[in-house]
Amino acid sequence: MSVPFIDLKSQYLALKNSIDSRIQKVLESGAYIGGPEVAELEKTLAQHTGVKHCLAVGSGTDALLMPLMALGIGRGDEVITTAFSFIATAETIVLAGATPVFVDIDRQTFNIDPKKIEAAITPRTKAIMPVSLYGQAADLEEINAIAKKHNLFVIEDTAQSYGAIYKDKKSGACTTAAGTSFYPAKPLGCYGEGGAIFTNDDQLHIAMKEIREHGSEKRYYHTRLGLNARLDTIQCAILLSKMERYDWEVEQRDRLAKRYTDAFKGLESLDAQFSTPHVKAENKSVWAQYTVTVTNRDLFQKKMSELQVPTAVHYPMTMPDQPWYKKNTPATHDISISRWAADHVVSLPMFPDMDQKTQDIVIDAVKKSVEFSAKQA
Ligand SMILES: *Cc1c(COP(=O)(O)O)cnc(C)c1O
């Protein structure tokens with residue numbers, strides 16, 4: 001039996017009645033952009049995250065670009081971010097016209113190392129964009145303290161951490177603004193492209209709302225440069241259904257993650273670089289990925305695939321080492337831990353409807369593959 005990496009179909013089947021009837025209602029309403037579901041979703045997500053404003057937008061990429069645009073960050077400005085993330089993080093900084101300045105990560109959490117941020121601040125720095133990778137919030141309190149001292153904005157990339165808890169707050173509720181993604185494979189996914197922005201700042205909310213509509217404060221009157229960045233009504237309807245059991249899903253993911261970690265105890269004795277995810281005591285992860293490290297990833301993945309268990313690498317290269325970035329915005333600070341991570345991380349199947357039997361197949365395959373790859377190394 002082969003195991004899926006993510007099983008979105010069983011999740012749909014569990015919510016089929018609700019999703020089908022909500023989509024049907026939109027189809028029959030005739031309002032496909034800006035229907036009542038948009039405002040309902042924004043209210044639901046703002047409450048769930050504990051922030052004043054939520055804006056539903058076209059993608060996670062829009063959700064990161066728009067706060068930069070609204071804050072007036074652009075040419076000549078620098079934005080500090082992690083070296084280790086999906087490329088959209090750095091891409092949005094460049095699209096805004098600014099320069100990304102890459103800082104190394106913490107080896108245990110894979111999130112930006114706050115101790116290394118201050119060395120990267122220059123008179124041109126305008127913002128810090130931490131990423132809450134794999135489902136766990138970055139060290140937002142430390143980052144906010146640095147930002148306050150140097151008068152910088154903080155935009156949290158919460159594409160992988162919607163619903164995660166940081167201290168007594170939610171990821172997305174701690175910074176100037178936060179952008180998340182509803183790409184289908186994210187913890188909270190829709191059935192197309194989608195994203196949302198969170199902020200407690202009224203002015204910033206209004207500016208981003210205008211940017212979402214081509215920079216217009218009223219119809220056909222454009223006071224700023226904008227985008228077409230609306231989230232369509234059907235996606236909002238789907239997300240409203242998904243929210244009906246999202247907290248349960250997060251619990252399931254957490255239960256599965258703990259079961260993986262228990263089962264993998266002792267594997268370091270076979271492979272010195274084997275590690276399971278480290279979630280800080282102040283955090284509750286939503287497990288966008290369950291990511292381990294191994295010494296010889298190629299051999300590990302080869303054996304896993306022979307055993308019919310899929311794996312994925314998030315991400316095989318640091319952002320500044322990607323060809324375009326290497327040429328245009330290369331790393332200017334030490335990013336050796338990010339490079340180490342890019343060579344050794346590997347993610348395992350993780351989805352809320354995974355049953356015990358399926359997880360046992362993965363666990364067994366991981367044990368065999370660690371043993372196999374460590375011996376050959
Ligand atoms: C997925 C992702 C994005 C981009 O989201 P899209 O909806 O695909 O545009 C940005 N940052 C991170 C960390 C992501 O994982």
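Values in this document were obtained by computation on a predicted structure and should not be read as measured data. Every heavy atom of this structure was used, including side-chain atoms; hydrogens, water molecules and symmetry mates were not. Note that ligands are numbered from 1 as they come in the structure, with each ligand's atoms numbered from 1 the same way. Positions are given from 1, in the same order as the sequence printed here.
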S.K.: Return yes when Gly195 approaches ligand 1 closer than 4.0 angstrom through a heavy atom, no otherwise.
M.R.: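 Per 4.0 Å heavy-atom rule, Gly195 does not contact ligand 1.
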S.K.: For Tyr166, does the six-membered ring have the charged nitrogen or CZ of Lys169 within the cation-pi criterion, i.e. under 6.0 angstrom from the centroid and within 45° of the normal?
M.R.: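 So Lys169 doesn't make the cation-pi contact.
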S.K.: Verify whether one side chain among Arg22 and Ser241 offers a donor that lies under 3.5 Å from an acceptor in the other.
M.R.: yes
S.K.: Rounded to the nearest 0.5 Å, what separation is found between the CZ atom of Arg107 and the CD1 atom of Ile337?
M.R.: 7.0 Å
S.K.: Which heavy atom of the protein is the closest neighbour of atom 9 (O) of ligand 1, given with residue, atom name and distance?
M.R.: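 Ranked first by proximity to atom 9 (O) of ligand 1 is Thr61 OG1, 2.5 Å.
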S.K.: Among protein heavy atoms, which sits nearest to atom 8 (O) of ligand 1, and what does the distance come to when rounded to 0.1 Å?
M.R.: Ser181 OG, 4.1 Å
S.K.: Can you tell me which residue and heavy atom of the protein come closest to atom 11 (N) of ligand 1, and the distance to 0.1 Å?
M.R.: Asp157 OD2, 2.7 Å
S.K.: Short list, please: which atoms of ligand 1 are under 4.0 Å from a heavy atom of Thr89?
M.R.: 11 (N)
S.K.: Run the numbers for me: atoms of ligand 1, each under 4.0 Å from some heavy atom of Val131, listed by number.
M.R.: 13 (C)
S.K.: Is it the case that the side chain of Thr311 and the backbone of Val346 share a donor-acceptor pair, with hydrogens and angles ignored and the cut-off at 3.5 Å?
M.R.: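 Between the backbone of Val346 and the side chain of Thr311 there is no qualifying donor-acceptor contact (under 3.5 Å).
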S.K.: For atom 4 (C) of ligand 1, find the nearest protein heavy atom and state the residue, atom name and distance (0.1 Å precision).
M.R.: Ala88 CB, 3.7 Å
S.K.: For atom 14 (C) of ligand 1, what's the nearest protein heavy atom and its distance?
M.R.: Lys186 NZ, 2.9 Å
S.K.: Determine, considering heavy atoms only, which of Gly60, Gly192, Gly179 sits nearest to atom 6 (P) of ligand 1.
M.R.: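 Among Gly60, Gly192, Gly179, the closest heavy atom to atom 6 (P) of ligand 1 comes from Gly60.
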S.K.: According to side chain to side chain contact (heavy atoms under 4.5 Å, CB included), who are the partners of Val250, at least two apart in sequence or on a separate chain?
M.R.: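 Val250 satisfies side chain to side chain contact (heavy atoms under 4.5 Å, CB included) with Tyr246, Val286 only.
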S.K.: Is a side-chain donor-acceptor pair under 3.5 Å present for Ser18 with Glu244?
M.R.: yes
S.K.: Residues two or more places apart in sequence or in another chain: which of them pass side chain to side chain contact (heavy atoms under 4.5 Å, CB included) with Tyr12?
M.R.: Lys16, Ile19, Asp20, Tyr191
S.K.: Which of the atoms of ligand 1 are close to Ser85, meaning less than 4.0 Å from one of its heavy atoms?
M.R.: 13 (C)
